[in-house]
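Labels below follow one simple rule: chain letters A, B, ... track the order of the sequence lines, proteins then strands, and each chain is numbered from 1.
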Amino acid sequence: MSGCKEEDPRIQGIRTRIRVVPNFPKPGIMFQDITTLLLDPNAFKNAVDLFVERYKKENISVVAGVEARGFIFGPPIALAIGAKFVPLRKPGKLPGEVISEEYVLEYGKDCLQMHIGAVEPGERALVVDDLIATGGTLCAAMKLLERVGAEVIECACVIELPELKGRERLEGKPLFTLLESL
Amino acid sequence: MASQDGEDQRLQKIASAIRVIPNFPKPGIMFQDITTLLLDPTAFKDTIDLFVERYRSKDISVVAGIEARGFIFGPPIALAIGAKFVPMRKPNKLPGEVISEEYSLEYGTDKMEMHVGAVRAGERALIIDDLIATGGTLCAAIRLLERVGVEVVECACVIELPELKGRDRLGDRPLFVLVEG
C-alpha cells in the first residue's frame with residue numbers, strides 16, 4: 001500500500017464500512033467482513049472507483065477474480081476499464097477444459113482453476129480479491145495467468161493483513177490495497 | 001422476456017456469447033456457460049445495461065445475488081441503480097448472524113443464508129442469478145427476503161431453461177430473463 005502520500009478521502013468511508021467478526025471461521029481469527037461495505041452504495045462505488053482510476057489507462061485486457069468475493073469486486077472494475085472478466089474457481093465448478101494450480105494452506109492443500117482459452121499470451125492482467133492474508137491464493141492465481149503467457153500487472157485487494165506477510169509471498173509482483181487491517 | 005427493436009441485436013450477441021457444455025456436471029445435462037459472455041466486454045456490458053435500463057426507475061434499494069454467479073451480475077447492476085448488494089450464500093460462508101432457508105434439490109436438500117440486518121422491512125428488492133432452472137434456488141432467496149418483510153419486485157436472470165418450469169415455481173413473483181436456453 002502506498003506509504004507517504006496523503007490518503008484519498010474516500011478511503012476512510014470505506015474503512016468504517018468494514019465489519020470485523022471475531023472468531024470466524026474459527027477461534028482466534030478476526031474476520032474482515034466486506035458485506036457491510038456492499039450495503040453502502042456510495043462506499044462500494046468509491047472502492048470500485050479507486051481501482052478503476054488506477055487501472056483505466058494501463059491497457060489491461062483481463063481482470064481475473066478469485067471465487068467468490070473476487071467476483072463482487074472484479075466485474076465492476078472489468079466493465080469500467082473495458083476488460084474481460086475471468087473467474088478463478090475452486091475445483092469442479094468451471095464446466096469447460098481447465099488448468100489447475102495447487103497451493104498450500106495452513107493445514108493441507110487447495111486448488112484454483114481457470115478455463116483454457118480465457119486468456120491469451122501477452123495479455124495484461126489484474127488479479128482481484130477482497131483481501132490478501134498469507135498470499136497463497138493470489139500466488140496461485142498469478143501462476144495460472146503466467147502459465148498461459150499473460151503478464152500480471154498487479155494484484156488488487158480491498159484489504160491487506162500486513163502481519164501475515166502476503167505482500168512478500170507475491171515475490172515482487174506489485175500489490176495495491178485500499179486499506180490495512182490488523 | 002426482453003424483445004424490443006434496439007434490444008434484439010444486443011440480445012443476439014449475448015445469446016451467441018453463451019457456451020453450451022454437454023454432460024456437465026453430469027451426463028445428460030447441457031450446461032449453459034456464461035463465462036464466455038464475460039470474455040466479451042461489450043456483450044457483458046450490454047447484459048448489465050439491459051437489466052439497469054429495466055430497473056433504474058423502479059425505486060429498488062436491494063439487489064440480492066445468489067452465490068456464486070449471481071455475484072458477477074448483481075454488483076454491477078446494484079452500483080448502476082444505486083442499490084445495496086446483498087450476497088445470498090451457501091451455509092457457513094457469511095461471518096455474522098444469519099437467517100437460513102432450506103430448499104429441495106433433486107436428491108436431498110441445501111441451505112441458503114443471508115445476513116441478519118442486511119435488509120429492512122419495506123425495502124424493494126431484485127434477486128439476480130445467472131440462470132433459472134427449476135426455480136428452487138430463487139424460491140429460497142425469495143422466502144429469505146420476504147421473511148424479513150422485503151418486497152421482491154422481480155427475479156432477474158440472464159438465462160431461462162423453460163422446460164424445467166422454474167417460472168411456474170415462482171408463482172406470481174415476476175421473472176425477467178434475457179435469453180432462453
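Of all heavy-atom pairs between B/Pro41 and A/Gly82, the closest is CG-O, 3.6 Å. The shortest non-hydrogen separation linking B/Phe24 to A/Gly92 is CZ-O, 3.4 Å. Between A/Gly96 and B/Ile21, the shortest heavy-atom contact is CA-CD1, 3.6 Å.
For B/Pro95, the parts lying near chain A are the backbone and the side chain together; criterion is any non-hydrogen pair under 4.5 Å. Looking at A/Val62, there are no atoms closer than 4.5 Å to chain B (heavy atoms on both sides), in backbone or side chain. With a 4.5 Å cut-off on non-hydrogen atoms, A/Pro95 touches chain B through its backbone and its side chain both. When heavy atoms are compared at a cutoff of 4.5 Å, B/Phe31 approaches chain A solely by way of its side chain, counted from C-beta outward.
Criterion: ILVMFWY side-chain heavy atoms under 4.5 Å apart, direct or through other members. Under it, B/Ile48 and B/Phe176 are part of a common hydrophobic cluster. Under the 4.5 Å side-chain contact rule for hydrophobic residues, B/Leu94 and B/Val119 do not share a cluster. Tracing side-chain contacts under 4.5 Å through hydrophobic residues (I, L, V, M, F, W, Y), one reaches A/Leu164 starting from A/Ile34; they form part of the same cluster. Hydrophobic clustering, with ILVMFWY side chains joined whenever heavy atoms are under 4.5 angstrom apart, groups A/Leu144 together with B/Leu39. Transitive grouping of hydrophobic side chains (ILVMFWY, heavy atoms separated by less than 4.5 Å) brings A/Ile116 and A/Leu88 into a common cluster.
We find the CZ-CZ distance between B/Phe71 and A/Phe73 to be 11.0 Å, quoted to the nearest 0.5 Å.
Of the candidates A/Leu39, A/Ile72, A/Leu37, A/Ile72 is the only one forming a side chain to side chain contact (heavy atoms under 4.5 Å, CB included) with B/Phe85.
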So between chain B and chain A, what donor-acceptor pairs come in under 3.5 Å?
from, atom 1, to, atom 2, distance (Å)
B/Arg19, NH2, A/His115, NE2, 3.3
B/Thr35, OG1, A/His115, ND1, 3.1
B/Leu38, O, A/Phe85, N, 3.0
B/Phe85, N, A/Leu38, O, 3.0
B/His115, ND1, A/Thr35, OG1, 3.1
B/His115, NE2, A/Arg19, NH2, 3.1

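Note: B/Ala83 leads B/Ala83, B/Pro25, B/Ala80 in heavy-atom pairs under 4.5 Å with chain A.
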